[in-house]
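The structure appears right after this line, and notes come after that.
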Amino acid sequence: MEPTIQRADVLAEMEIKETADGRRRYFAIQFYKKNGELVTLSRARSCGLRMNMSENRTRGVQQVDDRGNAVGHIYPVCIDNIRTFNNIRVKI
């Protein structure tokens, strides 16, 4: 049986922006966009959106390179569409 993680635990992990020593936290995430396209980001970070994220049930993620520099644009991710987090299947 493959390991799973609760969605609430994923959201809690995404809220932690940096480690105790001040470094940014990165994660791998896989999610579905509104049009059904599967997006895989092997290294990403949490970021804000210009909307009420709790009310709209979304979180912002942005892909980063190996140095932590932003790559591409910010994805608004519906929390119901998160498929994997750090290569572990997300369970609602």
Side-chain angles (χ1 to χ4, degrees):
M1 187 167 163
E2 77 178 283
T4 60
I5 186 171
Q6 293 287 328
R7 179 176 60 191
D9 296 333
V10 169
L11 297 176
E13 287 287 322
M14 289 176 74
E15 290 296 318
I16 303 170
K17 305 283 191 223
E18 55 187 41
T19 61
D21 59 353
R23 295 185 192 164
R24 295 243 349 146
R25 289 192 58 179
Y26 302 110
F27 51 84
I29 190 167
Q30 194 174 59
F31 60 91
Y32 293 102
K33 290 174 37 176
K34 284 184 180 180
N35 64 2
E37 179 184 348
L38 181 64
V39 177
T40 303
L41 303 177
S42 59
R43 188 175 169 102
R45 66 178 182 192
S46 286
C47 54
L49 295 172
R50 291 186 174 180
M51 67 173 79
N52 185 332
M53 293 189 294
S54 296
E55 186 178 297
N56 292 309
R57 299 175 56 83
T58 58
R59 298 295 183 269
V61 296
Q62 185 172 30
Q63 185 174 8
V64 294
D65 62 12
D66 57 345
R67 292 185 186 172
N69 299 320
V71 177
H73 65 283
I74 298 171
Y75 290 94
V77 178
C78 176
I79 63 172
D80 297 323
N81 293 342
I82 299 173
R83 184 173 181 217
T84 64
F85 185 81
N86 287 334
N87 301 316
I88 301 172
R89 172 125 1 236
V90 175
K91 185 167 83 172
I92 295 177

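Numbering starts at 1 and runs along the sequence shown. Basis for what follows: all heavy atoms, side chains included, without hydrogens, waters or symmetry-related copies.
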Exercise for review: For L38 and Q30, work out which heavy atoms get closest and say how close.
Suggested key: CD1-CG, 3.6 Å

Check your understanding: Looking at E15, E18, E13, which hits side chain to side chain donor-acceptor pair (under 3.5 Å) with R25?
Key -> E13

Review point. Do you reckon Y26 sits in the same ILVMFWY cluster as M14, going by side-chain contacts under 4.5 Å, direct or chained?
Key: no

Review point. Looking at A28 and S42, what are the two nearest heavy atoms and their distance?
Key: CB-O, 3.5 Å

Review point. Closest heavy-atom contact between C47 and I74?
Key: SG-CG2, 3.4 Å

Point to revise | Closest non-hydrogen atom pair, I29 against A44 | key: CG2-CB, 4.4 Å

Point to revise | Shortest non-hydrogen contact between Q62 and V71, atoms and distance | key: CG-O, 4.2 Å

Review point. Under a 4.0 Å N-O cut-off, is there an ion pair linking R23 with D21?
Key: yes

Review point. What pairs of residues pass the ring pair (Phe, Tyr, Trp, His ring centres under 6.0 Å) test when at least one of them lies in residues 52-83, not counting sequence neighbours?
Key: F31-Y75, H73-Y75

Check your understanding: Hey, does the side chain of R57 reach the backbone of C78 with a donor-acceptor pair shorter than 3.5 angstrom?
Key -> no

Point to revise | Heavy-atom neighbours of K34 NZ exceed 12 at 6.0 Å | key: no

Exercise for review: Assess whether side-chain contact (heavy atoms from CB on, under 4.5 Å) is satisfied between V10 and F27, documenting all intermediate values.
Suggested key: CA-CA 10 Å; V10 169; F27 51 84; over 6 Å; no

Study note, to complete from the structure: Scanning both residues in full, the closest heavy-atom pair of R45 with G68 reads NH1-O, 4.0 Å

Check your understanding: If two hydrophobic side chains count as joined below 4.5 Å and joins carry through other members, does L49 share a cluster with L41?
Key -> no

Review point. About how many Å separate CG of N87 and CD1 of I5, when rounded to the nearest 0.5 Å?
Key: 11.5 Å

Practice item. Report the C-alpha separation of R43 and Q63 in whole Å, then their side-chain angles, then the decisive distance to 0.1 Å, and conclude whether the side-chain contact (heavy atoms from CB on, under 4.5 Å) test is met. Key: CA-CA 6 Å; R43 188 175 169 102; Q63 185 174 8; 5.9 Å; no

Check your understanding: Restricting to pairs with a member in residues 2-11, which pass side chain to side chain donor-acceptor pair (under 3.5 Å), not counting sequence neighbours?
Key -> R7-D80

Point to revise | Hydrophobic cluster identity match, V77 and Y32, side-chain contacts under 4.5 Å | key: no

Review point. What about I16 and V64, same hydrophobic cluster or not, with Ile/Leu/Val/Met/Phe/Trp/Tyr joined at side-chain heavy-atom distances under 4.5 Å?
Key: no

Exercise for review: Look only at the side chain of D65 and the backbone of R67, and say whether a donor-acceptor pair between them is shorter than 3.5 Å.
Suggested key: yes

